[in-house]
Undergrad: 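Here's a structure for you.
To find a chain, count down the sequence lines: A is the first, B the second, and so on, and within it residues start at 1. Quick note: numbers below take in every heavy atom, side chains included, and nothing from hydrogens, waters or symmetry partners. In this text the structure is predicted, and so the values were computed from the model without any measurement.
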Protein chains: 2
Amino acid sequence: MLIDRPEKESYTCREVLNKVLLGDALTVLRKLPEESVDMVFMDPPYFLQLPPKELRRWTVRTVVEGVNDDWDQFGSFEEYDEFIKNILLAIRRVMKPNATLWVIATYHSIFRIGKIMQDLGYWILNDVHWVKTNPMPNWLGVRFTNATETLIWAVKDKKAKKYTFNKEFAKEFGIGKIGANVWVLPICSGRERLKGEDGKKLHSTQKPVELLRRVILTSTQEGDTILDPVAGVGTTGYVAQALNRNFIMIEINPKYVKGIEKRFEEPLKLKAISSKDKKKVAEYVTVEE
Amino acid sequence: MLIDRPEKESYTCREVLNKVLLGDALTVLRKLPEESVDMVFMDPPYFLQLPPKELRRWTVRTVVEGVNDDWDQFGSFEEYDEFIKNILLAIRRVMKPNATLWVIATYHSIFRIGKIMQDLGYWILNDVHWVKTNPMPNWLGVRFTNATETLIWAVKDKKAKKYTFNKEFAKEFGIGKIGANVWVLPICSGRERLKGEDGKKLHSTQKPVELLRRVILTSTQEGDTILDPVAGVGTTGYVAQALNRNFIMIEINPKYVKGIEKRFEEPLKLKAISSKDKKKVAEYVTVEE
DNA sequence: CTGCCGGATGAATCACAAC
DNA sequence: GGTTGTGATTCATCCGGCA
């Protein structure tokens with residue numbers, strides 16, 4: 001069975017391998033054996049601005065002179081930080097000593113996440129920048145078009161050395177010929193995008209298969225175990241399976257889990273990025289004369 | 001006089017306009033009038049935490065002149081955070097209500113800086129990614145080649161609305177045709193790179209003129225006042241002057257200040273990026289068929 | 001003046017084994 | 001644990017020397 005709802009106190013690796021565990025990330029993570037996974041990919045919820053009324057004031061406010069009282073968003077920042085910190089701690093426990101962790105987010109939250117990671121002892125190896133060829137057309141002329149998401153790639157500890165890095169793939173994916181930390185690829189759309197029964201997109205931030213293909217190929221070996229504690233519609237496991245890696249996915253929303261189940265009925269056949277798509281990418285990033 | 005050593009308790013804007021103030025950033029910032037500058041560009045120490053040993057090129061046996069300057073040394077993350085927080089607070093005081101702030105750093109510290117900015121109430125407008133066409137390669141192939149630096153662009157407060165954003169320039173500089181938050185340009189080298197009397201680079205991390213040109217053209221108007229509290233060899237003011245903006249620069253190191261003085265003897269004549277360079281950039285980011 | 005070639009170098013958290 | 005010596009292996013770009 002692909003789907004499982006963990007009831008026991010703790011699980012062996014074998015019991016949860018290649019399963020989607022229905023439940024809260026933190027609760028389920030704590031049931032997994034320690035030092036058991038080779039790589040973790042996390043796509044945490046984005047930080048959403050709540051209406052000011054629901055927010056508390058930030059206690060550190062008193063540090064600053066001459067500041068008006070509208071610093072209300074910090075109450076929710078604190079809650080967000082707490083959530084991130086706890087899940088990063090729980091992840092750290094299940095990572096093998098030389099496992100690596102990927103986290104993806106936008107500027108709304110990536111800075112908070114990165115600092116928390118460093119404070120917990122994670123050692124950042126790279127930031128990788130996903131440049132979207134077809135970002136949301138949010139051009140109001142008041143900001144730069146936000147065409148990027150940032151991935152942080154890290155090890156548990158500064159001392160971790162023998163992590164997996166397949167540089168041939170890194171060179172293939174990064175722009176230029178030097179394996180740079182910049183990936184240019186389109187967002188998930190078209191047939192790849194999962195739809196609900198209402199015909200609308202099932203998940204608001206479904207990650208493209210190609211993104212996970214790159215993550216997995218550069219940082220794991222065949223047979224490795226990949227964990228995604230906030231699986232959403234399960235792109236991580238879906239691509240992992242196609243690349244002969246094992247996966248453990250955790251997702252709390254039954255709607256998404258149902259989506260994963262349906263998705264897995266038709267296993268992914270991976271093909272390299274089409275030359276047509278490559279051409280599009282090339283056109284996109286080319287600077288005009 | 002271009003150079004000035006502030007002795008008084010406080011200064012009017014007129015007294016410090018288009019001057020390099022020799023002194024500690026925090027001390028001098030507190031002497032400036034509040035709400036007096038339109039834009040701030042800050043290039044703080046990145047706290048690279050480079051290993052104490054030297055890195056030697058294998059083929060030519062030469063040593064990489066890393067960033068081992070005293071100004072990049074901090075005892076701990078906490079110490080670094082305190083430094084950043086205090087300077088960000090002092091900057092906030094002198095910013096006009098609709099002024100904007102740019103901060104640049106690499107993955108070593110940009111996440112910490114971004115979180116501290118958010119915690120202090122700064123409202124992030126964008127992250128802008130500088131993709132370097134000619135970075136140091138990662139020789140051992142154990143990571144992605146770190147080819148980027150990240151700029152955070154922010155206003156003092158979420159409520160600030162009427163900040164300057166020249167969208168024509170944003171469209172010109174960003175890759176694609178959408179004004180994306182990605183700038184591709186080479187690092188500062190060759191004749192542009194200031195040399196000391198020993199023939200070696202005067203500053204380990206001099207920023208390219210083209211980077212500042214983009215920052216200034218997108219986020220200020222002619223006649224605006226631009227502050228750089230950690231001026232180094234003064235690229236910010238040098239480009240500001242060429243673009244008919246006013247500047248206030250602060251720098252504590254007399255060696256760098258002397259470098260600025262000499263640099264200003266020959267005012268910058270700005271030329272647009274050449275079509276040859278544009279072509280190179282295009283080649284660099286183009287994806288192969 | 002131009003073109004070719006060798007040398008130098010860049011914000012780098014870059015390895016590993018032996019003592 | 002720290003220190004030191006050996007060795008495996010990157011690329012775009014600029015500059016100066018020389019043909």
Undergrad: Within less than 4.0 Å of OP1 or OP2 of C:dG10, is there a side-chain N or O belonging to B:Lys201?
TA: yes
Undergrad: Nearest heavy atom decides the nucleotide; on that basis, is B:Gly141 or B:Ser204 closer to the 5' end of DNA chain C?
TA: B:Ser204
Undergrad: Decide yes or no, distance alone: a donor-acceptor N/O pair under 3.5 angstrom between the base of D:dT9 and the side-chain of B:Arg57.
TA: no
Undergrad: What is the distance, rounded to the nearest whole Å, between atom CG of A:Asn98 and atom P of C:dC16?
TA: 10 Å
Undergrad: Atom CZ of A:Phe165 and atom P of D:dT10: how far apart are they, to the nearest Å?
TA: 11 Å
Undergrad: A:Lys171 side chain N/O closer than 4.0 Å to the phosphate oxygens (OP1, OP2) of D:dC11?
TA: yes
Undergrad: Measure the distance from CG on B:Leu140 to P on C:dT13 and round it to the nearest whole Å.
TA: 11 Å
Undergrad: For B:Trp139 and C:dC14, give me the distance from atom CH2 to atom C1', rounded to whole Å.
TA: 9 Å
Undergrad: Any side-chain N or O of B:Tyr107 below 4.0 angstrom from OP1/OP2 of C:dT13?
TA: yes
Undergrad: Please evaluate the base of C:dA11 for a donor-acceptor partner in the side chain of B:Lys207 within a cut-off of under 3.5 Å?
TA: yes
Undergrad: Measure from the ring center of B:Trp130 to the ring center of B:Trp183 and say whether it is less than 6.0 Å.
TA: no
Undergrad: Looking at A:Lys177, does any N or O in its side chain come under 4.0 Å of the phosphate oxygens OP1/OP2 on D:dC11?
TA: no
Undergrad: Can you tell me if the side-chain N/O atoms of B:Arg193 get under 4.0 Å from OP1 or OP2 in C:dA11?
TA: yes
Undergrad: With nearest nucleotide decided by heavy atoms, which residue, A:Lys167 or B:Lys53, maps closer to the 5′ end of DNA chain D?
TA: B:Lys53
Undergrad: Between B:Glu192 and B:Asn138, which residue's closest nucleotide on DNA chain D lies nearer the 5′ terminus?
TA: B:Asn138
Undergrad: Quick one: are the ring centres of A:Trp123 and A:Tyr163 less than 6.0 Å apart?
TA: no
Undergrad: Think B:Arg92 forms a cation-pi with B:Tyr122, using NZ or CZ under 6.0 Å from the six-ring centre and within 45 degrees of its axis?
TA: yes
Undergrad: May I ask you to verify whether the side chain of B:Arg56 and the base of D:dG5 hold a donor-acceptor pair under 3.5 Å?
TA: no
Undergrad: Report the residue (B:Cys188 or A:Asn126) whose heavy-atom-nearest nucleotide on DNA chain C is the more 5′ of the two.
TA: B:Cys188
Undergrad: Please confirm whether B:Phe264 and B:Phe247 have ring centers closer than 6.0 angstrom.
TA: yes
Undergrad: Aromatic ring centroids of A:Phe144 and B:Phe165 under 6.0 Å?
TA: yes
